[in-house]
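Have a look at the structure below, then the notes.
Each chain gets a letter, A, B and so on, in the order its sequence line appears, and its residues count up from 1.
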Amino acid sequence: MKKLLTTLFLTLTLSSAAFAAPEAFRGLKGEIAIAGGTAHIPVMTEAAKRIAEVAPDVIVTVQGGGSGVGVKQVGEGVVQIGNTGRALKAEEVEKYGLVTWPFAIDGVAMAVHPENPIQSLTSEQAKDLWSGKITNWSQVGGPDMEVHLYGREEGSGTRQTFDDLVIGKEGEVAPNLNVVASNGAMKTAIAADKGALGYVGIGHIDDSIKGLALDGAVPNQDNAASGAYKVTRQLYMNTKGQPEGLTALFIDYIFSPEGSEIIRGAGYIPLPRP
Amino acid sequence: MTTERTPLLKATALAVATFSWSLFAFLLIAGGQALYQGLDLGLLGRVWNPRAGSFGILPMVWNTILLGLLSAALAHLCARCLLYQLRPWALRPLFWAARIFQLVATAMPTVVWGFMGLLLLAPLVREALGGSGLSLLSAALMLTLQNIPVQLTVLDEATRHLEVTLTERSLALGFSPWQVSHLILWPALGSTRREAFLLGLGRALGDALIPVMVAGGAPQFGTGLLDSIRTLAGHIGLALSSEVTGGEHMSLLASGMLLLLLGAGLRLLGGHKS
């Protein structure tokens, strides 16, 4: 009887989460640790904040570290949710027994300092800039100013998307590329350097940096959703096996209507539950 | 010390030594294995370009030694100048300026040096000298500031011991403070100068935060002061989120082992001083 009641309680709790989140957390206690992709952070922290408002005893900790860290930490049981900005590789799924939850579409956009008058680049110009063949902004119609390249660290999902879809498999990357360790650090670097050229998730573009159109397609949510802007990727939450308890509730919350609202608010396009 | 406590002290010492040696052994074995297995991936090569299957860490080795020597040498010079101001003959304002710097700088966390380098020094270098500002020069200057109190404290302690016998007699014989400092005390410091330099060099070689934040992180051989560079410790910081297998992962283990060997080599060079 007790078992039946417990099952009934959990079933009701879990099913109600999809409709009434974050109310589903009310009265519960515990901790959910999240780490990994830095593009996910605005969504995760906003969700954590809303959960804390109704359930102060549910502690949601959100850390970055990049997609590689997300895979490692969830795989080794350090966190309950490991975020990645790329699909899991077969060997990662096999090694750790991970289950993946794509929840949003994000675009990756080239970005420059707001005072840089350049608005758009072609794919060829982008490749030549990143390979170091073009070293001055005047070569692409901009001011006489040295180009300073900024990229992301090894293991970054943002970097992998940009490498695959803009630079291409055969393309080269200039050896003097500066490397920063998060989307936030990239924004800080670009905002401080008038000659900067870097890339960030579309959701990170604001007044401090300027996103560049690629082949005429402006990097924004609508163009990413319609497919007009092609440098896009999915954002994933990953769990070790099927999620349970608070982790399952959190994932339900992200896929709830309120979760979709949070995702849109962060500049991404929500995906339906797989 | 009571004799009853001796077994506890011995056990603690043994546990610490066993734990440390286990870590060293792991690093040496795993690093050696990675170097051997990574030969096909060009782990000891001159090019770091994972996209092309090249995982050479020689640029990082070169940059580590270059940055370490540059910053430790600059810090040694500065420490010598400040040492003069910490003696009885110094003007009071200069004495207190040097003493307060020593106290504050000793307590300053490395991340704060890195943060100041990123926000204040890098833009200054960018505006004054060109480039992105994230460079060998910026990292060397911040590491120098971090390194000065390390070397100064060692030199100052040793000088205080010498002062008791040498300074008053030398001044009484008619030597000027400058002559006492540079012709008598400094030579009398003997091997302590080497100790201080090697201690500072060891700190500089192993520091990861300042290189990650200020040096730019480009995996190329640094040949100019304005070049963006990546050190071994910085490489570990930047590539830590890469996959748990493959060339990047092997490069981490090899980098750790090389740093350990560099540190041990320095210790041997410094000798043991009772």
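- Interface check for chain A: of the options B:Gly131, B:Ala52, B:Ser135, the most heavy-atom pairs under 4.5 Å are formed by B:Gly131.
- Residue with the most contacts toward chain A among B:Gly133, B:Ser132, B:Ala218: B:Ser132 (heavy-atom pairs, distance under 4.5 Å).
- In B:Phe115, the CZ atom is not crowded: 12 or fewer heavy atoms of neighbouring residues, nucleotides or ligands sit closer than 6.0 Å.
- Among A:Gly70, A:Ser67, A:Gly171, A:Pro175, the residue making the largest number of heavy-atom pairs under 4.5 Å with chain B is A:Pro175.
- For A:Lys169, the part sitting under 4.5 Å from any heavy atom of chain B is the backbone (N, CA, C, O) and nothing else.
- Around CD of A:Glu172, the count of heavy atoms belonging to other residues, nucleotides or ligands within 6.0 Å does not exceed 12.
- Rounded to the nearest 0.5 Å, atoms CD (A:Glu154) and CZ (B:Phe55) are 9.0 Å apart.
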Which donor-acceptor pairs under 3.5 Å do the side chains of residues 250-258 of chain B make with protein atoms, sequence neighbours left out?
from, atom 1, to, atom 2, distance (Å)
B:Ser251, OG, B:His235, NE2, 2.8
B:Ser251, OG, B:Glu248, O, 2.6
B:Ser255, OG, B:Ser251, O, 2.6

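- B:Ser228 approaches A:Asn176 most closely through the heavy-atom pair CB-O, 4.1 Å.
- Residues of residues 58-66 of chain B never come closer than 4.5 Å to chain A when only heavy atoms are counted.
- With rounding to the nearest 0.5 angstrom, the CD atom of A:Glu153 is 10.0 Å from the CG atom of B:Leu240.
- Residues of residues 122-150 of chain A lying under 4.5 angstrom from chain B, judged on non-hydrogen atoms, are A:Glu146, A:His148, A:Tyr150 in numerical order.
- Both the backbone and the side chain of B:Pro219 come within contact range of chain A, judged by heavy atoms closer than 4.5 Å.
- How far CG of B:Leu134 is from CG of A:Asp193: 8.0 Å, rounded to the nearest 0.5 Å.
- Applying the salt bridge (charged side-chain N to carboxylate O under 4.0 Å, His left out) test to pairs two or more places apart or on separate chains, those with a residue in residues 29-57 of chain B are A:Asp163-B:Arg51.
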